[in-house]
Amino acid sequence: MPTSEVLSERLLPWFEDQGRGGDDLPWRQEGTTAWGVLVSEVMSQQTQVARVAPVWERWMRRWPTPADLAAAPTADVLREWDRMGYPRRALRLQECARIVAEKYDGSVPSDPAELERLPGIGVYTAAAVAVFHYGARHPVVDTNVRRVVARLGGAADAGTATTKADLAATEALLPDGAEAAARVSVALMELGALVCTARKPECGVCPVAAECGFAGQEIPPGPSRKRQRYTGTNRHVRGEVMKLLRDADGPVPRERIDAVWPDSRMLDEAISQLISDGLVGTDESGQFELPSA
DNA sequence: TAGCCGTGGAA
DNA sequence: TTTCCAAGGCT
């Protein structure tokens, strides 16, 4: 495990030269608002940044401010979210927009603890906004950073998320200055995304291999964590229903929903969940549609 | 706290 | 083709 000084010495030059540089992502452009950064981070939760980028650009053009998103019809929001997955994130983001617009007069909080109180904003996203937009000195721990830090300490991979321990371990690697600390955080994420990957780490090109407890070792075979199946699950059914409603012009009768899944019991369950989640509404005749509010 | 919440790119 | 898993959050 390197000291914070050594880590910065090795990592930052690598980041300048080899990393994505940090300026190819549209939300990294100079002048992106705090709200724009927040939106990008929520969209990037469990969705690859390459798929997020085009959606983010359309989204921010259409709804530049929290007030704009707050005022939008939820059906429009869900259609613009398109197929990024986990559409409840879109709902939470709109709710977040309402709170920022009303309670915070349209300006995104800068304090991580305050950000965490917003819907859909957890420890990672709060830290990301506070650090990447506001320049706070604070650890930013995503799945990449957890893995990199775990490997520096000699483990093959990070275990179950233990937020406090992860934050402390990462904090210890940050340099004193806030600006340098922020760069180290982005660089750690980049290192995990590009070099210290989950399945095939490239220790040969890693700038901190010499200080790494795991460098050169083999990843044990098999999944690092228990994997959730998708095909045939409730999530799958929900996804099919949402796709149908996104693509529909207007309210849809139950018969058309029945056509997307053979098991009507699963369909019943999924539909009532979606309604309860606020992702699906019904019109006066009992047909189904994206939420009208 | 472990399981749930979508979708698709990459190998 | 199948499997893995992705800039996580919520309960």
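Note that the structure is a prediction, hence the values are computed from the model and not measured. Excluded from the calculations below are hydrogen atoms, water molecules and symmetry mates; all remaining heavy atoms, backbone and side chain alike, are included. Numbers restart at 1 for each chain; the letters A, B, ... are given by sequence-line order, proteins then strands.
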Whichever of A:P119 and A:W27 has the more 5' nearest nucleotide on DNA chain C, that residue is A:W27

Looking only at side chains, do A:N234 and A:Q273 share a donor and an acceptor under 3.5 Å apart?
-> yes

Nearest-Å distance for atom pair CG/P, residues A:D166 and C:dG9 | 13 Å

Under 3.5 Å donor-acceptor, A:D68 side chain and A:T65 backbone | yes

Quickly work out the A:D157 CG to C:dC4 C1' distance and round it to whole Å.
-> 12 Å

Scan side-chain atoms only and decide if A:Q45 and A:R89 contain a donor-acceptor pair under the 3.5 Å cut-off.
-> no

Compare the minimum distances between each of C:dA7, C:dC10, C:dA6 and the side chain of A:R92, then state the nucleotide with the smallest one.
-> C:dC10

Side-chain donor-acceptor pair present, A:T282, A:E289, cut-off under 3.5 Å = no

With rounding to whole Å, what would you report as the distance between C:dA7 and B:dG3 at their P atoms?
-> 23 Å

Rounded off to whole Å, could you give me the OH-to-P distance for the A:Y124 and C:dA7 pair?
-> 9 Å

Separation of atom CG in A:L38 from atom P in C:dG9, rounded to whole Å | 11 Å

Taking CE from A:M189 and P from C:dA6, how many angstroms apart are they, rounded to a whole number?
-> 12 Å

Does the pair A:R146/A:D142 count as a salt bridge with the N-to-O cut at 4.0 Å?
-> no

Report yes if at least one side-chain N or O of A:T125 is closer than 4.0 Å to OP1 or OP2 of C:dG9; otherwise report no.
-> yes

Partners of A:E171 by salt bridge (Lys or Arg N to Asp or Glu O under 4.0 Å), sequence neighbours excluded?
-> A:R137

Give A:S40 one of three labels, base, sugar-phosphate or nothing, depending on what nucleic acid heavy atoms sit under 4.0 Å from its own.
-> nothing

Nearest atoms (heavy-atom pairs only) where A:R10 meets A:V208 = CB-CG1, 3.7 Å

Spacing between A:W56 atom CH2 and C:dA7 atom C1', to the nearest angstrom = 15 Å

Atom P, compared across C:dT11 and B:dG6: separation rounded to whole Å = 14 Å

Check the distance between C:dG8's C1' and A:R147's CZ and give it to me in whole angstrom.
-> 14 Å

With sugar-phosphate meaning primed atoms plus P, OP1 and OP2, does A:V42 contact a base, only sugar-phosphate, or nothing at under 4.0 Å between heavy atoms?
-> nothing

Taking atom C1' of C:dG9 as reference, at what distance in whole Å does atom CG of A:L115 sit?
-> 15 Å

Protein heavy-atom contacts under 4.0 Å, written 5' to 3' over nucleotides 5-11 of chain B as B (base), S (sugar-phosphate only) or - (none), form the string BBBB---

